[in-house]
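To start, the structure under review is shown below, and the notes come after it.
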There are 2 protein chains.
Amino acid sequence: MPANSPKSPARSRVLDTATRLFYAEGVHSVGIDRIIAEAGVAKATFYHHFPAKDALVKAYIEEQTRQQQAAIDELTADGPREKLLAVFDRMGQIGALADFRGCPFINAAAEYPDPAHPVRQAIEEYRSWFRTLMRDLLTDAGDPDPVRTADLLMLIRDGLAVACDLDDPTAPRPVVRDAVLRVLDGAPAGV
Amino acid sequence: MPANSPKSPARSRVLDTATRLFYAEGVHSVGIDRIIAEAGVAKATFYHHFPAKDALVKAYIEEQTRQQQAAIDELTADGPREKLLAVFDRMGQIGALADFRGCPFINAAAEYPDPAHPVRQAIEEYRSWFRTLMRDLLTDAGDPDPVRTADLLMLIRDGLAVACDLDDPTAPRPVVRDAVLRVLDGAPAGV
DNA sequence: ATGAGAGCAGACAGACCTGTCTGTTCGGAA
DNA sequence: TTCCGAACAGACAGGTCTGTCTGCTCTCAT
């Protein structure tokens, strides 16, 4: 018998509501009471599925990871180069949407200073996955130094997310496209 | 008579303590009680100088702005190009320090989702100042499209701060130096 | 010397937050 | 039919947070 099935409808409602509220308003600003009220779930039910609030935050980060992985998976592209361009172009699109509130991982990390905290480790897992994805695509695209170039793309990724949140959200998209093109085609990474 | 002189020793102690704690642990995680205890100040004295906690947070952001402006002012450089390189190199240095916890402006913005909030506006003021600084230096350096190139440098700035906080803090420095050199020397910004 | 202002100490109210507990309802499996 | 687990409703405890208020002390300028 699946004691704590992660497929439980009540659990899903809680996680969906938490995802929406945490992203829109921040983790520490949203209390358990509000989440269970908007999810239509009893408090006991919440604590039946999650041992504490931090566990819910960790689940929120992992859920975001799954969603972003799925979104990138769905992007079709002819080759690694096109895939990389598609990833950054999609990020620019999403960043310009009205409800964009920055990168959920960067935002959550700002509220969890301790690098050893489970939430931070879940964030680290996403970043590690994304970095590896960049490296693999760059390797396939014939980049001479995929590790270093992936670091550079990571920089652009984070800068794009922050800029869309804090500055004019439409400005970075073409700038990023140029930059990624230059990184892919440009001088062979030597100093 | 200077009713609420900003030079008051008690006020300075509060602001210094708040700066240290807010940066190290986040804004919402640090309570007023702890700040006044560590600053050695009575609660009434705190509320004599700041109408509410949010005002202290705004003062913290403005204090960070002043400090960063002073730090950049102190950097000596032969010309605009060298100044730009010096700014980013210094950021890479600071990002590798043990107590580095990310960009205080990005971190604070993550805790204040509402763009109309005074704290967000204080953050916007810093970013606006920094962006203008980049534009002016790029103009002096003869960049053909300083506005667009400044956007790109802004991206690198934010990416550097995030990377030093969340990933290996020593990795980005050389990558950023290469990137900035390429941005300054590289293809004349055309598509 | 006296009075104003700056600061200290700490109690207090009221709200909110997390997490626990009691009791009830309901559906499905044995 | 009966019984168990999942979920609901909501009270409750214990802690924390912000902001107010009362008194007291000290310094300094008038």
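Every chain is numbered from 1 and lettered A, B, ... according to where its sequence line falls, protein lines coming before strand lines. These numbers come from a predicted model, not from an experiment.
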Phe46(A) has an atom CZ; how far is it from atom P of dA6(D), in whole Å?
17 Å

Euclidean distance, atom NZ of residue Lys7(A) to atom C1' of dA6(D) [Å, nearest integer]:
18 Å

If you measure from the Lys or Arg side-chain nitrogens to the Asp or Glu carboxylate oxygens, is any gap between Glu63(B) and Arg66(B) under 4.0 Å?
yes

Can the positive tip of Arg157(B) be found less than 6.0 Å from the middle of the six-membered ring of Phe130(B), inside 45° of the ring normal?
yes

Hey, quick one: are Met134(B) and Val147(B) part of the same hydrophobic cluster, counting side-chain heavy atoms closer than 4.5 Å, chains of contacts allowed?
no

Parallel under 30°, tilted from 30 to 60°, perpendicular over 60°: which one fits the rings of Phe22(A) and Tyr60(A)?
perpendicular

To the nearest Å, how far apart are Lys53(A) NZ and dG19(C) C1'?
13 Å

Report yes if at least one side-chain N or O of Ser8(A) is closer than 4.0 Å to OP1 or OP2 of dA6(D); otherwise report no.
no

Do the side-chain N or O atoms of Arg13(A) get closer than 4.0 angstrom to the phosphate oxygens (OP1, OP2) of dC8(D)?
yes

What string of B, S and - do you get for nucleotides 20-26 of chain C, 5' to 3', if B is base contact, S is sugar-phosphate-only contact and - is no contact with any protein heavy atom under 4.0 Å?
BB-----

I need the residues from residues 113-122 of chain A with at least one non-hydrogen atom less than 4.0 Å from DNA chain C; give them sorted by number, or say none.
none

Does the side chain to side chain donor-acceptor pair (under 3.5 Å) test come out yes or no for Tyr126(B) and Gln68(B), once each step is laid out?
CA-CA 9 Å; Tyr126(B) 171 81; Gln68(B) 303 234 359; 3.1 Å; yes

Quick check: does any side chain N or O of Lys53(B) sit under 3.5 Å from a backbone N or O of Val27(B), one acting as donor and the other as acceptor?
yes

Nearest whole angstrom, please: distance from the P of dG5(C) to the NE2 of His48(B).
10 Å

Taking only side-chain N and O atoms of His49(A), does any of them lie within less than 4.0 angstrom of OP1 or OP2 on dA7(D)?
yes

Sole candidate of Asp178(B), Asp89(B), Asp168(B) that passes salt bridge (charged side-chain N to carboxylate O under 4.0 Å, His left out) when paired with Arg173(B)
Asp89(B)

Could you check whether Arg20(B) pairs with Asp99(B) (Lys NZ or Arg NE/NH1/NH2 to Asp/Glu carboxylate O, under 4.0 Å)?
no

Which one, dC8(D), dA9(C), dG19(C), comes nearest to the side chain of Ala52(A)?
dG19(C)

Which ones in residues 14-37 of chain A lie close to DNA chain D, meaning a heavy atom under 4.0 Å from one of its atoms?
none

Glu74(B)/Arg90(B) ion pair, N-O < 4.0 Å
no

I want to check one thing: is the phosphate of dC8(C), taken as OP1 and OP2, less than 4.0 Å away from some side-chain N or O of Thr45(B)?
yes

So, Lys83(A) and Asp140(A), do they make that salt bridge, N to O below 4.0 Å?
no

Can Asp54(A) and Tyr112(A) be counted as having a side-chain donor-acceptor contact under 3.5 angstrom?
yes

